[in-house]
There are 2 protein chains.
Amino acid sequence: MLRERGLRLTPQRQLILEAVHELGHATPESVHNAVRERAAGVNITTVYRTLELLEELGLVNHTHLSHGSPTYHAAGEDQHVHLVCRTCGSIAEVDPAVMDPVTGRLLRERDFRVDVGHVSLFGLCGNCRETE
Amino acid sequence: MLRERGLRLTPQRQLILEAVHELGHATPESVHNAVRERAAGVNITTVYRTLELLEELGLVNHTHLSHGSPTYHAAGEDQHVHLVCRTCGSIAEVDPAVMDPVTGRLLRERDFRVDVGHVSLFGLCGNCRETE
DNA sequence: TTACCTGCAAAGGTTTTGCACACAG
DNA sequence: CTGTGTGCAAAACCTTTGCAGGTAA
């Protein structure tokens, strides 16, 4: 995958990709922490550069869950839509098929192809609704 | 609205709320620029604090359009879903009703109430698809 | 050997915080 | 008057960039 494009397979890149797989929802910082447990010297700069590269290659995706850092996850496997509660911050996952009626319609009517791997929906979860 | 909660109605707050209304898609920086045209001394710190306050009061919403700063818009009026092209960065708007099948199902099946005023869908627009 | 990668340090940009003064109510 | 709001400056973050040395192929 990397070599096909004249790129190199380094220990850092392997570790970072593994970390994204294992963490599921991974910020640059959490990836950095995970990687450093195995290789203490890896720099946060490398994490940023590698995540960007892996995304170009289509190996990972990222979304923005609320404020702050982006969240990366491995592409292909267990794609899901995120439900982010704006009150308690909890994150639930749902099958991306729930978006099918929307993606189909936007493709036909607006010529826009939604990237389902990046969808985050904000709102209020059941628990917080009861509390309010 | 403000006074009901023991808060004060200041010129800065009025100007910032007006700016959000007029700009439509407003980042903290663009609000700051707009406000300064009428009142040069207003500080960016006040913009941040006021936007946060206005959101708590339900007068504005914000979404995250791609990387970087959040985008604020006035609540209530002309709600729309954003279609953000990840290649060219263009932003299109669609009627939030397009999300109805999804919001209805998530409410029934997951007890999650989607805030339609905050939805941004990332993907590829028609122009960029042709180019690729 | 060669060009790609990495670590380090520093810069850049955005958002938050502390504090004293200003002012709306 | 009283306590909320504001401006200013600095700190705190997060992310990017430049550069020299390291290393995969």
| request: Find the distance A:L53:CG to C:dT6:C1' and express it as a whole number of Å. | output: 13 Å
| message | Rounded to whole Å, please give me the gap between CG in B:L51 and P in D:dT6. | response | 12 Å
| request: Output all residues satisfying side chain to side chain donor-acceptor pair (under 3.5 Å) with B:D95, sequence neighbours left out; order by chain, then residue number. | output: none
| Can you tell me how far NE2 of B:H62 sits from CD of B:E52, rounded to the nearest 0.5 angstrom? | 10.0 Å
| query | When you check the phosphate oxygens OP1 and OP2 of D:dT6, does a side-chain N or O of B:N43 lie under 4.0 Å from one of them? | reply | no
| Spacing between A:H32 atom NE2 and C:dG7 atom C1', to the nearest angstrom | 10 Å
| Spacing of A:L17 atom CG and A:L9 atom CG [to the nearest 0.5 Å] | 9.5 Å
| Phosphate-side-chain proximity, B:T46 and D:dT6, N/O vs OP1/OP2 below 4.0 Å | no
| remark: Going 5' to 3' through nucleotides 11-20 of chain D and flagging B where a protein heavy-atom sits under 4.0 Å of the base, S where only the sugar-phosphate is that close, and - otherwise, we get ---SSBBB--
| message | Using the side chain to side chain contact (heavy atoms under 4.5 Å, CB included) definition, which of the options B:T71, B:L65, B:L83 pairs with B:I91? | response | B:L65
| What integer distance in Å separates A:R5:CZ from D:dA24:C1'? | 17 Å
| Less than 3.5 Å between a donor and an acceptor, one on the side chain of B:R13 and one on the base of D:dG5, is that the case here? | no
| said: Without decimals, in angstroms, what is the distance between B:I16 CD1 and D:dT6 C1'? | reply: 10 Å
| request: Let me know the distance between CG of B:L15 and C1' of D:dT6, rounded to the nearest Å. | output: 13 Å
| task | Rounded off to whole Å, could you give me the CZ-to-P distance for the A:R36 and C:dG7 pair? | result | 11 Å
| said: Just verifying a value: how many Å separate A:H32 NE2 and A:T50 OG1, rounded to the nearest 0.5 Å? | reply: 11.0 Å
| query | Looking only at N and O atoms, is any donor in the side chain of A:R8 or the base of C:dC4 less than 3.5 Å from an acceptor on the other one? | reply | yes
| Quick one: is B:T50 getting a side-chain N or O under 4.0 Å of the D:dG5 phosphate, OP1 or OP2? | no
| With B:S30, which of B:V47, B:V35, B:L23 fulfils side chain to side chain contact (heavy atoms under 4.5 Å, CB included)? | B:L23
| query | Is a side-chain donor-acceptor pair under 3.5 Å present for B:H73 with B:H80? | reply | no
| query | Counting just side-chain N and O atoms, does A:Q12 come under 4.0 Å of either OP1 or OP2 of C:dG7? | reply | yes
